[in-house]
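Data block below; observations after.
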Amino acid sequence: MTERDDAVSLGEAHDLEAVRDALVEWYEADHRDFPWRQTDDPYAILVSEVMSQQTQLGRVVEAWEEFLERWPTTAALAATDRADVVGFWTDHSLGYNNRAKYLHESAQQVESEYDGSFPESPEELQELMGVGPYTANAVASFAFNNGDAVVDTNVKRVCYRSFSVPDDDAAFETAANDLMPDGRSRVWNNAIMELGGVACTQTPRCDEVGCPWREWCDAYASGDFTAPDVPTQPSFEGSRRQFRGRVIGTLREYDELEVDPLGHRIRVDYAPDGEYGREWLTGLLSDLEDDGLVTLERGGSPAETVARLQR
DNA sequence: GTCCGGGAGC
DNA sequence: GCTCCCGGAC
């Protein structure tokens, strides 16, 4: 037993069927329709995965379409000169040329070792050059509905916040696989990555996008939205101005809010008694009050102060 | 010689 | 995120 024996499995703490159904329903009702979500061609999916590893999704769409137009199959790609592929990579600002080299080489592998048709298991897919555990799972899932849970930073963030999974790679993998419904890796991995991509973002948008896990989510309950990949200190200057803006934005959504819940929605590293806590926020709110933007209702204790937008 | 973890570089 | 390289263990 390599697992921590004091860890409570997700299945014991939650109705997993309900949790799974809620996410899949949410995903199927509405999601971003990237072109690679409309194919099950493993080659096209591999190309999208390799491109996505280093480039913003928006930019990838155009490059992906052009790449597949030029080299529609592994056979076409394998037959071309490596220099052409690297050239394409550079022309489209796709980052490290190594990936182009790996893609070219993996196409040749599929042609020579697999007779032109992709293997379907994550284990075999990993034999391809440039394809590690992550990409193998993604291709197996999206092309063949035959993968395990994909664990990227989005998925980690979701698990960490929703179910308080400890910041530990093995724990994330176990949790992600416990959550995934058997035999549904295609829709599931799309759905949980979509959740991390549009709802459970670094600054969370739970209510704005109607996160389907709010009723089970530890972070939503506590207001603590810290996560492994979220910087504890804001990286850029002028943060006070930034936070004034967030206060206003948040108060437009909630009629009124007490200081602590407000603080947690303003900055992920908010802690009532911390450096950027209640004292800091109260100062910020007082300034906004002086500027005629916010109304404060002082309660019995500092924590009971309620803020609303001045009408 | 082979397997594994860590760190560097793309 | 993946490969490559190195050092240590066996």
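Every chain is numbered from 1 and lettered A, B, ... according to where its sequence line falls, protein lines coming before strand lines.
We find that NE2 of A/His104 is positioned 21 Å from P of C/dC2, with the value rounded to whole Å. For the pair A/Met129 CE and C/dC4 C1', the computed distance is 10 Å after rounding to whole Å. Taking atom CD of A/Glu127 as the reference point, atom P of C/dC2 lies 14 Å away to the nearest angstrom.
For the pair A/Asn154 and A/Ile192, the minimum side-chain heavy-atom distance is 4.5 Å or more.
Within the structure, ring-ring contact (aromatic ring centres under 6.0 Å, His included) contacts touching residues 152-196 of chain A (residues at least two apart or in different chains) are A/His14-A/Phe163, A/Phe163-A/Trp213.
Cluster partners of A/Val306, using a side-chain heavy-atom cutoff of under 4.5 Å among ILVMFWY residues and allowing indirect links: none.
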All N/O pairs under 3.5 Å across the protein-nucleotides 7-10 of chain B interface:
from: B/dC10; atom 1: O3'; to: A/Asn98; atom 2: ND2; distance (Å): 3.1

Please list each protein N or O that sits under 3.5 Å from an N or O in nucleotides 4-6 of chain B, with the distance.
none

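Counting non-hydrogen atoms under 4.0 angstrom, A/Val50 reaches nothing in the nucleic acid.
Every side chain to side chain contact (heavy atoms under 4.5 Å, CB included) that A/Leu293 has, sequence neighbours left out, goes to A/Arg244, A/Ile248, A/Leu288, A/Asp291. Annotation: side chain to side chain contact (heavy atoms under 4.5 Å, CB included) contacts of A/Asp30 (sequence neighbours excluded): none.
Counting non-hydrogen atoms of other residues, nucleotides and ligands closer than 6.0 Å to CD of A/Gln56 gives a total of 12 or fewer.
Taking the six-membered ring for Trp and thresholds of 30 and 60 degrees, A/Trp89 and A/Phe67 have ring planes more than 60 degrees apart, a perpendicular arrangement.
Between A/Glu304 and A/Arg298, no side-chain nitrogen of the basic residue sits less than 4.0 Å from a carboxylate oxygen of the acidic one, so the salt-bridge criterion is not met.
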